[in-house]
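The next block holds one structure in the form of structure tokens; read it before the comments.
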Amino acid sequence: MQAADLFRRGVIPAEIARQLGVSHQIVSEWRKAWHQGGRAALRSAGRVGPHPKLTQAQLTRVAKALAKGAEANGYATDVWTLPRVAEVIQRVTGVSYHTGHVWYILRDKLGWSWQRPARRAVERDAEAIERWVNQRWPQLKKGSSGIAVGPFTELVGRVAADTGRQG
């Protein structure tokens, strides 16, 4: 109804488009409708596009199922993938979605964000890693001469020997 007030006040279409954040073409269509039928002609025709497949209650049930984790929903690992989420939505609500649309439901409707799990070996030994970092790494950082060394120390030594310079 802002457009009708602006039309009545004689505001130019370009300024109306700027103020309302629409294109000039839309303002022209609105102005034509306003001239033909007044304010009533500018009333919204209702929602544009299809209605959502899932109700808020169904989204809540889906969120609760997902919050339990993937393993609790019968998957071998506790990582959610879009196909897995699509299966849970289908199982919980009876509504099927293409996996490409599942991301929009997760992000826009449920407030989830994309996470990449940390890659860690199953056989990872935290004690052995700590021992290596605290004992072996300091030895490797200092060579027998007490000079800090790195992965290219051997190469530098060879180049120095070939050129007759000290490394």
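Model, not experiment: these values are computed from the prediction.
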Inset, instruction - Determine, step by step, whether L20 and W30 satisfy the side chain to side chain contact (heavy atoms under 4.5 Å, CB included) criterion, reporting the C-alpha distance in whole Å, the side-chain angles of both residues, the deciding distance to 0.1 Å, and the verdict. - result: CA-CA 12 Å; L20 300 179; W30 289 350; 3.7 Å; yes
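- The ring pair (Phe, Tyr, Trp, His ring centres under 6.0 Å) search around W34 returns F7, not counting sequence neighbours.
- The two residues A41 and A33 have their closest heavy-atom pair at CB-O, 3.3 Å.
- When the side-chain contact (heavy atoms from CB on, under 4.5 Å) test is applied to E127, the partners found at least two apart in sequence or on another chain are D125, R131.
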Give the table of side-chain donor-acceptor pairs shorter than 3.5 Å for residues 93-112, with sequence neighbours excluded, one pair per line with atom names and distance.
| unit_1 | atom_1 | unit_2 | atom_2 | d |
| --- | --- | --- | --- | --- |
| T93 | OG1 | I89 | O | 2.6 |
| T93 | OG1 | V95 | N | 3.1 |
| H98 | ND1 | G100 | N | 2.7 |

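- Residues passing the side-chain contact (heavy atoms from CB on, under 4.5 Å) test with K68, sequence neighbours excluded: A72, N73.
- Residues passing the side-chain contact (heavy atoms from CB on, under 4.5 Å) test with A57 are T55, sequence neighbours excluded.
- With sequence neighbours left out, the side-chain hydrogen bond (donor to acceptor under 3.5 Å, both in side chains) criterion links S113 to Q115.
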Output a table of donor-acceptor pairs, distance under 3.5 Å, between side-chain atoms of residues 75-82 and any protein atom two or more places apart or on a different chain; print 'none' if there are none.
| unit_1 | atom_1 | unit_2 | atom_2 | d |
| --- | --- | --- | --- | --- |
| Y75 | OH | R84 | O | 3.4 |
| Y75 | OH | E87 | OE1 | 2.6 |
| T77 | OG1 | R84 | NH1 | 3.2 |
| T77 | OG1 | R84 | NH2 | 3.3 |
| D78 | OD1 | A70 | N | 2.7 |
| D78 | OD1 | E71 | N | 3.1 |
| W80 | NE1 | L66 | O | 3.3 |
| T81 | OG1 | R84 | N | 3.3 |

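- With a 4.5 Å cut-off on side-chain heavy atoms, D5 and Q2 do not count as touching.
- Under a hydrophobic-cluster definition in which Ile, Leu, Val, Met, Phe, Trp and Tyr are linked whenever side-chain heavy atoms come within less than 4.5 Å, directly or via other members, V133 and L140 are assigned to the same cluster.
- Under the salt bridge (charged side-chain N to carboxylate O under 4.0 Å, His left out) criterion, the residue pairs touching residues 18-36 are E15-R18, with sequence neighbours excluded.
- Scanning both residues, A17 and H24, for their nearest heavy atoms gives CB-ND1, 4.0 Å.
- With sequence neighbours excluded, the residues that form a side-chain hydrogen bond (donor to acceptor under 3.5 Å, both in side chains) with R136 are Q139.
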Legend entry - Full working for side chain to side chain contact (heavy atoms under 4.5 Å, CB included) between V88 and R91: CA-CA 5 Å; V88 170; R91 183 172 37 81; 3.5 Å; yes
Inset, instruction - Please report the C-alpha distance between Q58 and V92 in whole Å, then the side-chain angles of each, then the deciding distance to 0.1 Å, and finally whether the side chain to side chain contact (heavy atoms under 4.5 Å, CB included) criterion is met. - result: CA-CA 8 Å; Q58 289 173 316; V92 170; over 6 Å; no
